[in-house]
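Both counts, for ligands and for their atoms, begin at 1 and track the order of listing. The first residue in the sequence is number 1, and the count goes up from there. We use all heavy atoms of the structure for the numbers below, so side chains are in, but hydrogens, waters and symmetry mates are not.
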Amino acid sequence: MGITEELHEQQARGLAEIGSASDLSALDAVRVAYLGKKGSLTTVLRGLGALPAEERPVAGKVSNEVRVALESAVEAKREELSAAALRTRIGEQAVDVTLPGRGRPVGSRHLIEQIRSEIVEIFLGLGYRIAEGPEVELDYYNFTALNQPPDHPARSLQDTFYVRDLSGDTAAVEGESDVLLRTHTSPVQVHVMEEQKPPIYVLAPGKVYRRDAADPSHLPQFTQIEGLVVDEGITFADLKGTLDHVCKAIFGPDRRTRFRPHFFPFTEPSAEVDVSCGICGGEGCRFCKGTGWLEILGCGMVDPNVFGYVGIDPERYSGFAFGMGVERIAALKYDLPDLRILLEGDMRFLRQF
Ligand code: PHE
């Protein structure tokens, strides 16, 4: 076979292979096989020098035509394949902007948090400041400085979680550790009075802990809101007026309050406050167990002994304090049969508020 025929045959085979290359890397393999340094066309071209002089011009012309034909075929195919590859990529990455968006469920504030901030707002409106204290507390703040020294009988009224120091080998048990989970927010009263001189108007919301088994009306962890006022000339009338206002703000203007004598070690006199039942209006029903009243908080005038612990002069200043349970208020406001639902995170319940 003469060189011209061989070149034409290479061209025909090359064009066919280029035509059937299915992707860019297959195309490049074909290009290298013909036009690369060791490609078959290159090899033929190298052999041109060995031809008789009269054949060289024709062979040179033909081989050049073949090279150009193959090169431009590779180029054309490359463009075709890249365009196809681009089309596929665009197809794969296509975004259908007409599809409906994926909805994200919107959360809401927990009922307890809602009531807590509602009550905080009421007191901010009365000029109170918000105070905070530690949930892991010293016995001194939870009991002693609240007029319950170590042998005080009232200590056994509250079931306390004591905190043990695991790093030491003294395994502290009840009564032997002076670190505990606060059983009420009242220790914040002591912290505030240590840090600040009267006039004091503070509200201290926070978590408290008691060693109770969870049941419909008890939780081992719940939320209290403590209030403390210390100023000159504060009387029980101020306490009554304030709490009556607050109860009406929480439950509604048509609700009444009553103050029943009670005992707390850190207030004297002390009282429990009831709000008239919202279901029967005070007539007596199943919800209020026939009494017409619902107990909602404890309060009293700050005991002078407490002032003694924090160095406030009881001759000059007097004050009142109160503490309310937020879970209990939630239960009364929304007629919840079981407090435990407040800790369960059940969306079917939480979404109602
Ligand atoms: N600390 C009391 C309790 O947890 C409530 C209270 C607070 C009573 C302040 C009087 C004054 O039961």
**Prompt:** How does the hydrophobic cluster around Leu86 look, that is, which other residues are in it when side-chain heavy atoms under 4.5 Å mark a link?
**Reply:** Ile90
**Message:** My understanding is that we take every heavy atom of each candidate and find the minimum distance to atom 3 (C) of ligand 1. Doing that for Arg182, Arg210, Glu226, which one comes out nearest?
**Reply:** Arg210
**Asked** Which atoms of ligand 1 are found less than 4.0 Å from any heavy atom of Gly298?
**Response** 6 (C), 8 (C), 10 (C)
**Prompt:** Taking only heavy atoms of Gln189, which atoms of ligand 1 are found under 4.0 Å from at least one of them?
**Reply:** 9 (C)
**Asked** Does Thr267, backbone or side chain, put an N or O under 3.5 Å from an N or O of ligand 1?
**Response** no
**Asked** Asp238: what forms a side chain to side chain donor-acceptor pair (under 3.5 Å) with it, not counting sequence neighbours?
**Response** Thr235
**Asked** Hey, does Ser270 sit under 4.0 Å from ligand 1 if you only count heavy atoms?
**Response** no
**Request:** May I ask you to decide whether Arg116 forms a salt bridge with Glu113, counting only side-chain N to carboxylate O separations under 4.0 Å?
**Result:** yes
**Prompt:** Using a heavy-atom cut-off of under 4.0 Å, does the side chain or the backbone of Cys299 touch ligand 1, or both, or neither?
**Reply:** backbone
**Prompt:** Does the side chain of Arg78 reach to within under 4.5 Å of the side chain of Arg31, using non-hydrogen atoms?
**Reply:** yes
**Message:** Treating Arg256 as the side-chain partner and Gly281 as the backbone partner, does any N or O pair qualify as donor plus acceptor under 3.5 Å?
**Reply:** yes
**Request:** May I ask you to list the atoms of ligand 1 that are less than 4.0 angstrom from any heavy atom of Gly323?
**Result:** 6 (C), 7 (C), 9 (C)
**Item:** Centroid-centroid under 6.0 Å between Phe143 and Tyr309 rings
**Value:** no
**Message:** Working note: Phe222 + His184, criterion ring pair (Phe, Tyr, Trp, His ring centres under 6.0 Å); need CA distance, chi angles, decisive distance, verdict.
**Reply:** CA-CA 9 Å; Phe222 56 101; His184 51 178; over 10 Å; no
**Asked** Strictly under 4.0 Å, does any heavy atom of Phe266 approach an atom of ligand 1?
**Response** yes
**Prompt:** Going by heavy atoms, is Gln224 under 4.0 Å from ligand 1?
**Reply:** yes
**Prompt:** Do Asp274 and Arg258 meet the salt-bridge criterion of a basic N to acidic O distance under 4.0 Å?
**Reply:** yes
**Request:** Could you tell me which atoms of ligand 1, counted from 1 in the order shown, lie closer than 4.0 angstrom to a heavy atom of Phe322?
**Result:** 7 (C), 9 (C), 11 (C)
**Atom indices of ligand 1, in the order listed, that fall short of 4.0 Å to a heavy atom of Ala321** = 9 (C), 11 (C)
**Asked** Considering distance alone, does some N or O of His184 sit under 3.5 Å from an N or O of ligand 1?
**Response** yes
